[in-house]
Amino acid sequence: MAQGKTVAESRTEMTELVLPGDSNQLGNIFGGRIMYWVDMAAAMAANRHAGRVAVTASIDSVEFLHPIRIGEVVHLIAQVNWVGRTSMEVGVDVYGENMDTGERKKTSTAFLTFVALSQTGQPVEVPPLILRTPEEEERFHAAEARRQERLKKKQKASRL
């Protein structure tokens, strides 16, 4: 197994400009566009951590707290929160920035689970996560709790 990696080693930041083709009739960005960018940022963080291809296994609920308008900038910050044997949880925080005023608001947070795959498509082990700060430890433990809830839901769904 590979040596561990810190949260900072795989942290990914993306910045996107909201254009008219990204928005609805009200001039607000499509939720689906945000979800696409969230998945992209999370995939980059997961791939960096795993050192190989990692694919999306699940996305927890996403809430849109504030609209982001045409002409505003979207900032996405993705980091690995938790690592298991072959899977990882990546958290993505999304911020909207008004370019005229400089005001920045957190607009959503999403948690995605990724599985690292070999070249033949089989799950493979990922490096352990090295936690350096109390915030990273807090995010790790919160991710463990979310994982337990996902496993309960999956088990319940398999019985239906």
Side-chain angles (χ1 to χ4, degrees), residues 1-16 18 29-68 73-97 103-160:
M1 161 122 70
Q3 173 178 321
K5 290 187 179 178
T6 66
V7 172
E9 286 179 86
S10 58
R11 183 180 169 115
T12 298
E13 295 189 29
M14 282 177 47
T15 304
E16 301 286 344
V18 180
I29 193 166
F30 287 121
R33 177 67 73 199
I34 293 292
M35 291 172 66
Y36 170 77
W37 289 337
V38 162
D39 195 28
M40 293 295 288
M44 285 186 264
N47 289 338
R48 283 178 172 161
H49 183 83
R52 62 179 51 252
V53 171
V55 297
T56 311
S58 71
I59 300 175
D60 286 5
S61 65
V62 179
E63 294 183 22
F64 301 102
L65 306 173
H66 303 284
I68 303 174
V73 171
V74 178
H75 300 278
L76 301 103
I77 302 169
Q79 67 182 37
V80 176
N81 292 332
W82 175 90
V83 169
R85 191 175 67 77
T86 63
S87 64
M88 302 158 275
E89 182 195 89
V90 179
V92 182
D93 291 324
V94 181
Y95 299 86
E97 178 186 352
E103 180 186 17
R104 192 184 274 207
K105 285 184 184 178
K106 187 173 187 176
T107 62
S108 48
T109 298
F111 301 103
L112 299 86
T113 302
F114 283 81
V115 175
L117 299 179
S118 69
Q119 290 182 340
T120 60
Q122 299 303 309
V124 294
E125 288 190 35
V126 294
L129 186 63
I130 299 169
L131 306 172
R132 293 237 163 108
T133 69
E135 179 189 351
E136 291 172 359
E137 288 181 23
E138 186 177 310
R139 289 175 72 112
F140 182 89
H141 294 301
E144 282 183 322
R146 282 188 296 275
R147 179 176 184 270
Q148 291 305 314
E149 286 302 312
R150 282 190 294 271
L151 291 173
K152 283 180 192 175
K153 285 180 186 177
K154 186 176 180 179
Q155 186 178 39
K156 186 176 180 180
S158 70
R159 289 186 295 220
L160 297 178

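Remember, it's a predicted structure, so these values are computed and weren't measured experimentally.
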Other residues, nucleotides, ligands: >12 heavy atoms within 6.0 Å of Met14 CE: yes
Glu9 and His49 side chains, donor-acceptor separation under 3.5 Å: no
Qualifying residues under salt bridge (Lys or Arg N to Asp or Glu O under 4.0 Å), relative to Glu13, sequence neighbours excluded: Arg11
Which atom of Thr86 lies closest to which atom of Val126, heavy atoms considered: O-CG1, 4.0 Å
Audit row: Ile34, Ile29, side-chain contact (heavy atoms from CB on, under 4.5 Å) steps and yes/no: CA-CA 7 Å; Ile34 293 292; Ile29 193 166; 3.7 Å; yes
Lys105: partners by salt bridge (Lys or Arg N to Asp or Glu O under 4.0 Å), with sequence neighbours left out: none
Sidechain-backbone polar pair: Thr107 side chain, Val94 backbone, donor-acceptor under 3.5 Å: yes
Rounded distance [0.5 Å steps], CG in Asp93 versus NZ in Lys106: 4.0 Å
Euclidean distance, Tyr95 OH relative to Ile68 CD1, rounded to 0.5 Å: 11.5 Å
Glu97 vs Glu103 side-chain heavy atoms within contact, under 4.5 Å: no
Glu89 and Arg146 ion-paired at < 4.0 Å: yes
Results of side-chain hydrogen bond (donor to acceptor under 3.5 Å, both in side chains) for Glu138 - residues two or more places apart only: none
Stepwise side-chain contact (heavy atoms from CB on, under 4.5 Å) check, Ser58 with Arg150: CA-CA 9 Å; Ser58 71; Arg150 282 190 294 271; 3.7 Å; yes
Neighbour count >12 (heavy atoms, 6.0 Å) for atom OH, Tyr36: no
Note, Glu16 side chain near Val73 side chain (heavy atom, < 4.5 Å): no
Heavy-atom check, side chain of Gln79 versus side chain of Arg139, under 4.5 Å: yes
Distance-minimising heavy-atom pair for Ala78 and Val90: CB-CG1, 4.1 Å
Main-chain N/O of Met35 paired to Asp39 side chain as donor or acceptor, under 3.5 Å: no
Main-chain N/O of Ala143 paired with Asn81 side-chain donor or acceptor, under 3.5 Å: no
side-chain hydrogen bond (donor to acceptor under 3.5 Å, both in side chains) involving Arg147 - partner list, sequence neighbours excluded: none
Distance, nearest 0.5 Å, that separates OG1 of Thr113 from CG of Asp60: 6.0 Å
Atom of Gly4, atom of Pro127 and distance for their closest heavy-atom approach: CA-CB, 4.2 Å
Residues in side-chain hydrogen bond (donor to acceptor under 3.5 Å, both in side chains) contact with Thr120, at least two apart in sequence or another chain: Ser118
Residue pair Phe114 / Val80, side-chain heavy-atom distance below 4.5 Å: no
Residue pair Val7 / Leu131, side-chain heavy-atom distance below 4.5 Å: yes
Main-chain N/O of Gly84 paired with Ser87 side-chain donor or acceptor, under 3.5 Å: no
Working for side-chain contact (heavy atoms from CB on, under 4.5 Å), residues Val38 and Leu112: CA-CA 9 Å; Val38 162; Leu112 299 86; 3.7 Å; yes
Sub-4.5 Å side-chain heavy-atom contact between Arg52 and Val124: yes
Gln155 (side chain) donor-acceptor with Leu151 (main chain) under 3.5 angstrom: no
Nearest-0.5 Å distance, CG of residue Leu129 to CZ of residue Arg132: 10.5 Å
Audit row: Ile130, Lys5, side-chain contact (heavy atoms from CB on, under 4.5 Å) steps and yes/no: CA-CA 6 Å; Ile130 299 169; Lys5 290 187 179 178; 5.7 Å; no
Partner set under salt bridge (Lys or Arg N to Asp or Glu O under 4.0 Å) for Glu149, not counting sequence neighbours: Lys152
Shortest non-hydrogen contact from Val115 toward Ala57: CG2-CB, 4.0 Å
Nearest heavy atoms of Val62 and Ser108, plus distance in Å: CG1-CB, 4.3 Å
